[in-house]
Amino acid sequence: MSLREYSAGIIVIGDEILKGQTTDTNSHFLCKHLFTLGVKVKKISVIGDDLEVIAKEVSEFSSKYTHVITSGGIGPTHDDKTFEGVAKAFDDDICPHPEIVELCKQFWGANLSSPKMKLAMIPKSARLEYGVNKKTGEKNKFPLVVVNNVYIFPGVPSLMERSFIALEDLFKNPDAHFYTEEIYVQQDEVSIAPILNEVDEEFKVDVTLGSYPDFHNNYYKVKLMLESSNPEQITKAATALKNKLPNESIVNYDSQPIVNAADRVYKLVESCSSDDVYGNNVQKAVSVLEECLQKYSLDEICIGFNGGKDCTALLHLYHAVVKRKYPGHQGKLKALYIKSKLPFPEVEKFTQISRDKYHLEMLHFEGRIKDSLGQLKANHPSIKAVIMGTRLTDPYSSHLEAFSMTDADWPQFMRVNPVLHWSYGHVWKFLRDLCLPYCSLYDRGYTSLGSMNNTHPNPLLQYVDEHGVLKYRPAYTLSDPTKERDGRN
Ligand SMILES: Cc1cc2nc3c(=O)[nH]c(=O)nc-3n(C[C@H](O)[C@H](O)[C@H](O)COP(=O)(O)OP(=O)(O)OC[C@H]3O[C@@H](n4cnc5c(N)ncnc54)[C@H](O)[C@@H]3O)c2cc1C
Ligand SMILES: [Co+2]
Ligand SMILES: [K+]
Ligand SMILES: [Mg+2]
């Protein structure tokens, strides 16, 4: 049986990418989506805004691959040459397309001599594909220009992504039923290599087995990826792998914890029994957050987020409660980050990752907390409440309640404290059970994070490994929670 192979070549066009001024994320997005459509990307080429180079590359790609996708170079300025380049590749010319001329007039009131009209100057042989907005079911307002098998996308990632999703059926391989399965493993790649080789040998005719180490993940070391067009064989291969790998090395990992945040958090809350201290604490946190959202609008709230474990758990809860209350909410949640004097680079990195994953608008300040809060008041007068990950066992915190105004000699904000009653263990149970990402320092023995000059791994987690090297166990293994701050001075 020989099925037609659907292939694709991607041409990323733009001087700004070659100069390192812009990072290309479009090819990554396209590869990911084409893969799930059963289309094999064979080559990605990155070129500048150069007419000859575009023409040559498009011509070559067009003859080699089922689909050619270009991104970039279709703006209104003189330096954008993609339409001309594609025309040249097919010995064609560009001329104003009446339908796009009309749209340009409609959208921008552009007349024939305005720069926007350059968008209407497309190859004569082009056809227009509008596509359907999958959410609304409406035809898109602006079309994609296609010449032969060349699909000409804008370079701006948000536009490109939206347009591609609306048009993805154009690329779909009708014969492809692609199956994938992922297995996450706690052991390093070297130690499981013989098992991988065995399974690969047995199934390689039908199943592709990939092994991808991840040095930064808090939960697994290697992701094993099985791909096949044969559902029975992929199941057999996955079963074989699971049987051969030591039981304790397979991790039950959720790779999308944030997408499903609301469902999972509310399920946890709804299913907990009255004597479950942990479950009740989660429940209490959720109801404090719900109350907070009743008292304040999203604009009046920010979450105090410094990359620590407590506010990481809290951020997830806040995100879940917002999603439940405002399911269509697209805007960013405000987060307050007061940088310490000497922040760990790992903490900085983690706050950035969290900002992106949870769509946060970060309000950054530096210096003393009290001064920063004064600046917050001045620069963002709408903010009235700060949600905090403070627990009763934190210093100076044993008197706090779920809603406590800041002290009289502090800038006045409502401090909202949903996790006051949580123990050290509860925080870790929540983070780990839900597979939430957390700052990597915690996996290296840090149990409480401050500045680099006053924070060390917790001595209680120290051990000497089989090679005589001093190491630290992860923070979640600390058994005496009263020693949480033993690495701080
Ligand atoms: C918004 C806010 C209001 C405060 N109000 C008072 C007050 O009225 N009176 C008083 O004596 N002290 C106040 N503090 C100081 C506070 O009591 C602690 O001293 C300080 O948060 C450091 O605590 P920690 O290291 O023990 O706890 P952490 O566990 O580090 O902090 C507890 C929580 O505070 C938030 N937070 C802490 N540091 C930061 C930061 N750098 N950037 C953003 N968020 C952060 C996080 O939500 C965190 O989970 C306030 C701090 C903040 C952030
Ligand atoms: Co900023
Ligand atoms: K902390
Ligand atoms: Mg804390």
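When a ligand or atom number is given, it counts from 1 through the structure's own listing order. As the structure is a prediction and not an experimental result, all values here were calculated from the model.
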Query raised in the report: Should one rank K370, R415, M388 by closest heavy-atom distance to atom 7 (C) of ligand 1, which comes out on top?
Result: R415
Requested in this report: Using a strict 4.0 Å cut-off to heavy atoms of R488, name the atoms of ligand 1 that fall inside it.
Outcome: 25 (O)
**Report entry** Y253 versus Q186, side-chain donor and acceptor atoms under 3.5 Å
**Finding:** no
Query - Atom indices of ligand 1, in the order listed, that fall short of 4.0 Å to a heavy atom of F305 - result: 43 (C), 44 (N)
**Report entry** G304 N/O to ligand 1 N/O under 3.5 Å
**Finding:** yes
Query raised in the report: For ligand 1, which atoms, with element, lie under 4.0 Å from some heavy atom of I338?
Result: 40 (C), 41 (N), 42 (N), 43 (C)
Query raised in the report: Can the positive tip of K429 be found less than 6.0 Å from the middle of the six-membered ring of Y278, inside 45° of the ring normal?
Result: yes
Query raised in the report: Does ligand 1 have an atom under 4.0 Å from some heavy atom of R485?
Result: yes
Query raised in the report: With a distance cut-off below 6.0 Å to the six-membered ring centre and an angular limit of 45° from the axis, does K309 pair with Y438 as a cation-pi contact?
Result: no
Query raised in the report: Counting heavy atoms only, which of N306, T312, V419 is nearest atom 38 (N) of ligand 1?
Result: N306
Query raised in the report: What part of F413, side chain from CB on, backbone N/CA/C/O, both or neither, has a heavy atom under 4.0 Å from ligand 1?
Result: neither
Requested in this report: Please could you name the atoms of ligand 1 that D310 approaches to less than 4.0 Å, counting only its heavy atoms?
Outcome: 29 (O)
Requested in this report: Look at the rings of F365 and H380 and say which category their plane angle falls in: under 30° parallel, 30 to 60° tilted, over 60° perpendicular.
Outcome: perpendicular
Query - Per-atom contacts of ligand 1 with T406, taking only distances under 4.0 Å to non-hydrogen atoms - result: 3 (C), 5 (N), 8 (O)
Query raised in the report: Can you list the atoms of ligand 1 that are under 4.0 Å from a heavy atom of V386?
Result: 1 (C)
Query raised in the report: Less than 6.0 Å separating the ring centroids of Y446 and F344?
Result: yes
Requested in this report: Compute the ring centroids of Y151 and F164, then answer whether they are less than 6.0 Å apart.
Outcome: no
**Report entry** K339 contact mode with ligand 1 (heavy-atom cut-off under 4.0 Å)
**Finding:** neither
Report task. Indicate the ring-plane relationship of W422 and H426, choosing parallel, tilted or perpendicular according to the 30° and 60° boundaries. Result -> perpendicular
Report task. Indicate yes or no: does K295 engage E291 in a salt bridge with an N to O separation below 4.0 Å. Result -> yes
**Report entry** For L373, the ligand 1 atoms whose distance to one of its heavy atoms is below 4.0 Å
**Finding:** 1 (C), 2 (C), 3 (C), 4 (C)
Query raised in the report: What atoms of ligand 1 come closer than 4.0 angstrom to any heavy atom of P395?
Result: 26 (O)
Requested in this report: Tell me whether the guanidinium CZ or amine NZ of K116 lies under 6.0 angstrom from the six-membered ring centre of F107 and within 45° of its axis.
Outcome: no
Requested in this report: Ignoring hydrogens and angles, tell me if any N or O in the side chain of K221 forms a donor-acceptor pair with the backbone of E189 under 3.5 Å.
Outcome: no
Requested in this report: Please work out whether any backbone atom (N, CA, C, O) or any side-chain heavy atom from C-beta onward of D407 is under 4.0 Å from ligand 1, and answer side chain, backbone, both or neither.
Outcome: both
Report summary line: Out of G389, G308, S372, A385, the nearest non-hydrogen contact to atom 49 (O) of ligand 1 is supplied by G389
